[in-house]
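This one's a predicted model, so the numbers in the text were calculated from it and none came from an experiment.
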Amino acid sequence: MIFWLAAGLVAAAAMIVGYRWGSARSTRRVTTDLEVARAEVARRLEEIYSFQELSFTLSESLQPDRIAERMTAYLKRFLKTDGSLVALTADGGKTMRIAAAEGGLQHLAHTEILEGDSGRLVQAMGKERLELVERGDGDQPTLVGDTTVERAAILPLRAHGVTVGALTVCGFAEQPFSTDQLRLLSTVATHAAIVLSNARFFDLVRAGRDQWETTFNAIAEGIAVVDEGGNVQRANSALAHLLGASVPSLAGTSFVETLGSSPEVGTLIESALRGDPSGVHVEHVAALDRTLRVSAAPMRGPESAAWAVVLVEDVTEEQALESQLIQHEKMAAVGQLVSGIAHELNNPLTSIAGLAEFLLEQSTATEREREHLRVIHEQADRAGRIVRNLLTFARKDAEDIGEVDLNDIVQRTVSLVGYEMRLREVDVEWTFDGELPAIQGDRYELQQVVLNLLTNAAQAVEHNPPDRPRHVSIGTAHDDTGITLRVADSGPGIPDDIATCVFTPFFTTKAPGSGTGLGLSISFQIVQRHGGTLTVRRGVDGGALFEVRLPVGIPAARLPDGAPDSAVTAPPDGKSVSPQRILLLDDDPAVRRMISVILASDATVDAAHGAEDAARKLEERAYDLVIADPRAAVSAGERFGDHLARRWPQYLPRTILVTADVRPETQAWLDGMGCRYFVKPFRIGELKSAAAHILARTAEAEEGS
């Protein structure tokens, strides 16, 4: 356009030169031609200046609305029309709005063109060429909505094959558009369409960049773009947060040095820079005290330079959870092993302890023999306690839930260990909360917790130097959230690096043979089962402080080891029950012999040689009491306990089940049987008492019948 205007100026100058060097003309003709040439030069110069101003105006902004405002102001100034407007398309041309308007059309500024508008502006958009609108013999033409015009020129703004809007100018009724005006208008529309199209492309690029930047910084893992020298070119917020730095400060730094990682990470990046497939490297970065997983992938940077994208993931918690899972799997395997060992040990321990207890009751034994028997019984009982401790770790025992006074438990436990404390010269101090509320729990389990904590505290202060007191304190307190039990000692304390391990099964700092490492882990599990927490920290005296927090009002659980105290039904088939008989079924001969011996004085004991033999005996005669291993198999593969419940359910109230199987599923099955049961090893006195109780009830039922 500038070139075309310059050509016009040259033509005008040629007219002047022709005047000077041409043949003689009349003075009036020469004067007229000179005035016309001067006017043409002035008009063309004005057009050049106006287009130059338009170029500067449109280049000042890349915002479509701002460009539209500049265009309408320009048209009003240089075309001197009645009004002008610029309409822009949106949503891929589906909608249109008037971005700017001047003069008689100013009231349309910033309005939406409704869908289905039948005005000439919308019609011209579909024709993609200059559309002249003039009033004919009829009514005034409608431009948009209900706005009418006398005369208008509408030019679609189209560039790069896309229509971005429309330019409209309104003329006066008595003055049609000149050719120069339409030419100027077409030039302006072409220029404006290109600028608006570029502005939209710029908006798309900027929106894409902003979206990429937002996504880049929203990724939770650290990301860095590394150049061929191993330096960071770009980094996201997650990486900056991990390194404790700002995003701009990471630019230009060495990735490996900034991360504080090992040379293996540098090798990983070099492999990615060469375009080779990247592996994954996991390491603990000491400077950050975090475990990181680093991977790298190749990318192409500016001027086809080889760059790499490095992904940094913080897997510290993930590694910790994985370690815990592995530890849980190990402990599950240990639990299964313990259950199996306990099953094998329970039978001989039951026989040893039972026979020793039986022989102690005999008056024929000498005092020396009785002393030996007491040692045997005590050691068997000790072995049984070890097995029970292992089982407490391996499974959840049956609970004896009831109302518990923690103050009473503490007082009784302190009294229990008082003698041992005095022998070790340990000073025990206790403080009780006089208004401590009662809780629902297992008294014996909670007493085991208190005993374990007191024993550990005494052992911790036992080897204090002479200038350090041997002091243990225990106290209770309560608040609105529950009750608290604290046990503190003046020992050396627990180092921070092992404080998290003290509740791990089999972990112990004691000398070999001085502990099994199960006391605190069992206590931890007991407190957890009661809905509480057991924690440890450094106490005021520098020793260890264990704190038990227990909620108030734990619901009582159903006791699984008791049979319904229902009336004993008459024996099957009306058979006699006198004299009283006991059917005994146990696969272990030693256990059979031991139970037969201790119950022989109370009734006649028929020892069955297997489940089939026991079933046959039940068919042949009636029994006052059945003592049986419920897992003994009947010929068809049915367990004796299920066979008894199905074939002779009337015997269940007079049945005692005895098993060495300590698996949780077995106890769940026994809970549903409705019989009294004992898990080996058990105390013979308890078995005798339960048997005597059932025999007495059976005798009463027989007399009543």
Side-chain angles (χ1 to χ4, degrees), residues 342-385 387-388 561 563 577-618 620-632 640-641 644 651 654-661 675-699:
H343 185 275
E344 296 300 322
L345 289 177
N346 281 337
N347 280 324
L349 287 175
T350 301
S351 300
I352 295 171
L355 288 174
E357 187 175 345
F358 172 74
L359 292 174
L360 280 171
E361 295 176 356
Q362 307 304 309
S363 59
T364 57
T366 65
E367 185 58 33
R368 182 177 180 82
E369 291 171 342
R370 297 175 66 84
E371 183 63 29
H372 293 328
L373 289 171
R374 275 193 289 268
V375 172
I376 294 173
H377 186 270
E378 289 173 359
Q379 295 305 309
D381 190 55
R382 177 187 176 190
R385 286 198 303 271
V387 171
R388 284 192 293 273
D561 61 342
V577 296
S578 181
Q580 290 186 305
R581 283 184 171 275
I582 299 174
L583 176 63
L584 174 62
L585 169 62
D586 197 288
D587 290 337
D588 190 286
V591 174
R592 267 199 321 268
R593 185 182 307 112
M594 182 269 296
I595 296 178
S596 298
V597 169
I598 65 171
L599 296 180
S601 59
D602 299 327
T604 301
V605 179
D606 284 351
H609 301 282
E612 293 182 17
D613 186 31
R616 187 167 49 253
K617 290 180 179 298
L618 286 171
E620 295 174 352
R621 67 175 63 195
Y623 289 93
D624 303 282
L625 171 64
V626 176
I627 300 177
D629 183 346
R631 293 188 58 82
F640 181 78
L644 180 68
Y651 268 114
R654 63 178 72 174
T655 298
I656 297 176
L657 302 177
V658 178
T659 182
D661 190 342
C675 302
R676 182 69 181 270
Y677 70 84
F678 289 91
V679 177
K680 302 173 183 177
F682 51 82
R683 294 185 180 276
I684 293 301
E686 295 178 358
L687 178 64
K688 287 187 66 176
S689 176
H693 179 67
I694 293 177
L695 290 173
R697 289 192 308 172
T698 306

Next item on the list: Taking side-chain hydrogen bond (donor to acceptor under 3.5 Å, both in side chains) as the test, write out the residues that go with Arg593, two or more places apart.
Entry: none
Note to self: Run the side-chain hydrogen bond (donor to acceptor under 3.5 Å, both in side chains) test against Asp586 and tell me which residues pass, sequence neighbours left out.
What the structure shows: Lys680
Note to self: Rounded to the nearest 0.5 Å, what separates atom OG1 in Thr350 from atom CD1 in Ile595?
What the structure shows: 8.0 Å
Notebook entry, point to check: Do you know which two heavy atoms are closest between Ala607 and Asp613, and how far apart they sit?
Noted result: O-OD2, 4.4 Å
Notebook entry, point to check: Could you go step by step and tell me if Asp588 and Arg592 meet the side chain to side chain contact (heavy atoms under 4.5 Å, CB included) rule?
Noted result: CA-CA 6 Å; Asp588 190 286; Arg592 267 199 321 268; over 6 Å; no
Check: Measuring from Leu618:CG to Leu644:CG, what's the distance to the nearest 0.5 Å?
Finding: 6.5 Å
Checklist line | Any side-chain heavy-atom pair of Arg676 and His693 under 4.5 Å | finding: no
Notebook entry, point to check: Any donor and acceptor pair, going by atom type alone, linking the side chain of Gln580 with main-chain N or O of Leu695 inside 3.5 Å?
Noted result: yes
Checklist line | Residue pair Thr659 / Leu657, side-chain heavy-atom distance below 4.5 Å | finding: no
Check: Which residues satisfy the side-chain hydrogen bond (donor to acceptor under 3.5 Å, both in side chains) test with Glu367, sequence neighbours excluded?
Finding: Arg374
Note to self: I'd like to check the side-chain contact (heavy atoms from CB on, under 4.5 Å) partners of Ile656; sequence neighbours left out, ordered by chain and number.
What the structure shows: Leu625, Ile627, Val658, Phe678, Leu687, Ala690, Ala691, Ile694
Note to self: Measuring from atom CZ of Arg368 to atom NE2 of His372, what distance do you get when rounded to the nearest 0.5 angstrom?
What the structure shows: 4.0 Å
Checklist line | By side-chain hydrogen bond (donor to acceptor under 3.5 Å, both in side chains) - contacts of Asp606 (at least two apart) | finding: Arg581, Tyr623
Check: Which residues pass the side-chain contact (heavy atoms from CB on, under 4.5 Å) test with Ala628, sequence neighbours left out?
Finding: Leu585, Val626, Phe640
Note to self: Working to the nearest 0.5 angstrom, can you tell me the gap between Thr366 OG1 and Leu373 CG?
What the structure shows: 8.5 Å
Check: Can you check side chain to side chain contact (heavy atoms under 4.5 Å, CB included) on Leu599 and Leu584, steps first, answer last?
Finding: CA-CA 10 Å; Leu599 296 180; Leu584 174 62; over 6 Å; no
